[in-house]
Visitor: 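This structure is in structure tokens; I'll ask about it shortly.
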Amino acid sequence: MPAYRLLPFCKDYLWGGERLRQDFEIVSDLKPLAEAWILSCHPDGSSVFADGSYAGVSLPKYIQQVGRQVLGTRCAQFKDFPLMVKLIDARQPTSIQVHPPDQYALSYEGQSGKTEMWVILHAEPGAYLYYGLNRTISRDELVQRINDGSLIEVLRKMYVKSGDTIFIPAGTIHAIGAGLTVAEIQQNSNVTYRIFDYGRVGKNGMPRDLHVEQALSIATLEGTKTINFSPHLGLCRYFTVDRANAPLQGMVGSETFLFILAISGEGMLYCEKERHILRPGRSFFLPAGSGCYWLEGSCQILLVYLSE
């Protein structure tokens, strides 16, 4: 089977910027350009095939047409497509937020929970993010700090640089800081509970909704530690993420599809008798059973696939 280049569904959240257009070849008229959902089967926005026999076909429509075998045998445990990959550009900080675990999200939102991870692609000098709590707190203290605006004082502030990775289990309070561009690999979910949003207003001129009661139901209150999955960048039930450099040779068996995202440099991807140019922001879906592929050049890529 060939490798299919994907085009994203884009979002214009108010904190976005221009880096996805400038640095990652994302084509969109949205301003600001905050997110590009480059691997997505979600109802709120699906990626589509860029060219070839399925040009213009959405990823979920393609799966419906050819059958779930293109996702691999590991996908049998999931009712729906289990993951999503985004490019995110935060010119301003995102809201301080938390995502629910599966049980809560399925019960109250009708979709999966959201465990995710970030790979930092660009960081302005002094850029940071918030990742969990710097100490264990009580629910009462969390409520008090949300109400009086002092929540940031108990968040774990992490200065980051290009290449850093952060794994964020569902229930972890977090936020992307200003001046960061990240690749986000996550469960197939679009459920976000905002706790604090710096008093910003949306397109309607009204403050953006907060979801404090929902967040209080699922937020982890223990102090947070980073998680290392070496040799993988990230590993959970829903996805495995690796980083690799060309030249590289690999095999896509029947167990899982492979998603390739180029993040730096330039190179070529060879699959079957086809070849594809790799540049930052270009992504490819290799169906399960695609067989051998090769990378040449001097590019760095992320490999995303279903976990064992």
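Count residues from 1 along the sequence.
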Visitor: For atom OH of Y108, decide whether the heavy atoms of other residues, nucleotides or ligands shown that lie under 6.0 angstrom number more than 12.
Guide: no

Visitor: Would you kindly confirm whether L261 and F229 end up in one hydrophobic cluster when ILVMFWY residues are joined by side chain heavy atoms under 4.5 Å apart?
Guide: yes

Visitor: Which heavy atom in A170 sits nearest to a heavy atom in P100, and how many Å separate them?
Guide: CB-O, 3.5 Å

Visitor: I'd like to know if K114 and E184 make a salt bridge, using a cut-off of under 4.0 Å between side-chain N and carboxylate O.
Guide: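 Salt bridge flag = yes for E184 with K114.
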
Visitor: On a heavy-atom basis, which atom in P280 and which in S264 lie closest, and how many Å separate them?
Guide: CG-CA, 3.8 Å

Visitor: Any chance CZ of F78 has more than 12 other-residue heavy atoms, nucleotides or ligands included, within less than 6.0 Å?
Guide: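 Yes, because the 6.0 Å sphere around CZ of F78 holds more than 12 heavy atoms from other groups.
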
Visitor: If two hydrophobic side chains count as joined below 4.5 Å and joins carry through other members, does W118 share a cluster with L302?
Guide: yes

Visitor: Answer whether the closest heavy-atom distance between the side chains of F167 and T115 falls below 4.5 Å.
Guide: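 The answer is yes, as the side chains (C-beta and beyond) meet within the 4.5 Å cut-off.
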
Visitor: Side chains of K31 and E18, heavy atoms from C-beta outward: is any pair under 4.5 Å?
Guide: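 SC-SC contact between K31 and E18 confirmed.
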
Visitor: Between F196 and Y130, is the gap from one ring center to the other below 6.0 Å?
Guide: no

Visitor: Which atom names give the shortest non-hydrogen contact between G17 and R91, and what distance separates them?
Guide: CA-CB, 3.8 Å

Visitor: Show, in sequence, the C-alpha distance, side-chain angles and deciding distance for Q111 and H42, and conclude whether the side-chain hydrogen bond (donor to acceptor under 3.5 Å, both in side chains) test is met.
Guide: CA-CA 10 Å; Q111 58 182 299; H42 198 278; 2.8 Å; yes

Visitor: In this structure, which one of E109, E213, H211 forms a side chain to side chain donor-acceptor pair (under 3.5 Å) with Y193?
Guide: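 Considering E109, E213, H211, a side chain to side chain donor-acceptor pair (under 3.5 Å) with Y193 is found only for E109.
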
Visitor: Where do Y128 and V160 land on the side-chain contact (heavy atoms from CB on, under 4.5 Å) test, with the steps shown first?
Guide: CA-CA 6 Å; Y128 60 86; V160 292; 5.8 Å; no

Visitor: Compare all side-chain heavy atoms of L248 with those of I301 and state whether any distance is below 4.5 angstrom.
Guide: yes

Visitor: Could you label the plane-to-plane angle of the W37 and F9 rings as parallel, tilted or perpendicular, counting under 30° as parallel and over 60° as perpendicular?
Guide: tilted

Visitor: State, with a plain yes or no, whether a side-chain heavy atom of D197 is found less than 4.5 Å away from one of P207.
Guide: no

Visitor: Mind telling me whether F285 and Y62 have parallel, tilted or perpendicular rings, with 30° and 60° as the class edges?
Guide: perpendicular

Visitor: Going through the checks in order, is the side-chain contact (heavy atoms from CB on, under 4.5 Å) test met by L6 and F49?
Guide: CA-CA 5 Å; L6 294 179; F49 289 84; 4.0 Å; yes

Visitor: How about CD on Q65, more than 12 heavy atoms from neighbouring residues, nucleotides or ligands closer than 6.0 Å, or not?
Guide: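 Atom CD in Q65 is packed in, count exceeds 12.
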
Visitor: Yes or no on side-chain hydrogen bond (donor to acceptor under 3.5 Å, both in side chains) for D140 and S138, after CA distance, side-chain angles and deciding distance?
Guide: CA-CA 5 Å; D140 287 344; S138 67; 5.2 Å; no

Visitor: Within the 4.5 Å heavy-atom criterion, are V119 and R243 side-chain neighbours or not?
Guide: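 Yes; the side chains approach each other to less than 4.5 Å.
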
Visitor: How about Q103: does its CD atom have over 12 heavy atoms from other parts shown lying under 6.0 Å from it?
Guide: no

Visitor: L142 and side chain to side chain contact (heavy atoms under 4.5 Å, CB included): which partner among I173, I195, V154, V212?
Guide: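 Result: among I173, I195, V154, V212, I173 is the only option passing the side chain to side chain contact (heavy atoms under 4.5 Å, CB included) with L142.
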
Visitor: For D209 and R194, run side-chain contact (heavy atoms from CB on, under 4.5 Å): C-alpha distance rounded to whole Å, both residues' side-chain angles, the deciding distance at 0.1 Å, then the answer.
Guide: CA-CA 7 Å; D209 291 338; R194 296 191 197 101; 4.3 Å; yes

Visitor: Hey, are the side chains of W15 and E35 touching, using non-hydrogen atoms and a 4.5 Å cut-off?
Guide: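 A side-chain contact under 4.5 Å exists here.
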
Visitor: More than 12 non-hydrogen atoms from neighbouring residues, nucleotides or ligands closer than 6.0 Å to CG on N147, yes or no?
Guide: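 Check passes, neighbour count above 12.
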
Visitor: Aromatic rings F284 and H276: how do their planes relate, parallel, tilted or perpendicular, breaks at 30° and 60°?
Guide: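 If you compare the ring of F284 with that of H276, the planes turn out tilted.
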
Visitor: Could you please spell out the steps behind the side-chain hydrogen bond (donor to acceptor under 3.5 Å, both in side chains) verdict for S254 and T73?
Guide: CA-CA 6 Å; S254 61; T73 55; 5.1 Å; no

Visitor: Against F257, only a single residue in F239, F81, Y305 fulfils ring pair (Phe, Tyr, Trp, His ring centres under 6.0 Å); can you say which?
Guide: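 In the set F239, F81, Y305, the residue that makes a ring pair (Phe, Tyr, Trp, His ring centres under 6.0 Å) with F257 is F81.
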
Visitor: Would E124 and R19 pass as an ion pair if we require N to O under 4.0 Å?
Guide: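 Yes, E124 and R19 are salt-bridged.
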
Visitor: Do D102 and Y238 touch side chain to side chain, with heavy atoms closer than 4.5 Å?
Guide: yes

Visitor: Please report the closest heavy-atom contact between A123 and L180, naming both atoms and the distance.
Guide: CB-CD2, 3.5 Å

Visitor: Give, for atom CD1 of I168 and atom CD1 of I227, the distance between the pair rounded to the nearest 0.5 Å.
Guide: 10.0 Å

Visitor: NE2 of H122 to CG of L20: how many Å apart, nearest 0.5 Å?
Guide: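 Between atom NE2 of H122 and atom CG of L20 there are 11.5 Å.
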
Visitor: Are T240 and S307 close enough that a side-chain donor and a side-chain acceptor fall under 3.5 Å?
Guide: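 S307 and T240 do have a side-chain donor-acceptor pair below 3.5 Å.
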
Visitor: Answer yes if the side chains of H174 and E116 hold a donor-acceptor pair under 3.5 Å, and no otherwise.
Guide: yes

Visitor: How about Y293 and I260: do any of their side-chain heavy atoms sit closer than 4.5 Å?
Guide: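 Yes, close enough: below the 4.5 Å cut-off.
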
Visitor: Does the pair S95 and Q97 meet the rule for a side-chain hydrogen bond (donor to acceptor under 3.5 Å, both in side chains), with working shown?
Guide: CA-CA 6 Å; S95 62; Q97 58 192 243; 2.9 Å; yes

Visitor: What heavy-atom pair brings D12 and K203 nearest, and what distance separates the two atoms?
Guide: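 What the structure gives for the nearest pair is OD2-NZ, 2.7 Å.
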
Visitor: Applying side-chain contact (heavy atoms from CB on, under 4.5 Å), run through L121 and V182 and close with a yes or a no.
Guide: CA-CA 5 Å; L121 303 179; V182 309; 5.6 Å; no

Visitor: Enter the distance from R282:CZ to I38:CD1 here, rounded to the nearest 0.5 Å.
Guide: 13.0 Å

Visitor: Can you check salt bridge (charged side-chain N to carboxylate O under 4.0 Å, His left out) on R135 and E141, steps first, answer last?
Guide: CA-CA 12 Å; R135 61 175 174 83; E141 182 178 358; 2.5 Å; yes

Visitor: Counting distance only, does the side-chain N/O of T181 pair as donor-acceptor with the main-chain N or O of D89 below 3.5 Å?
Guide: no

Visitor: Which heavy atom of S112 sits nearest a heavy atom of S189, and at what distance?
Guide: O-OG, 2.8 Å

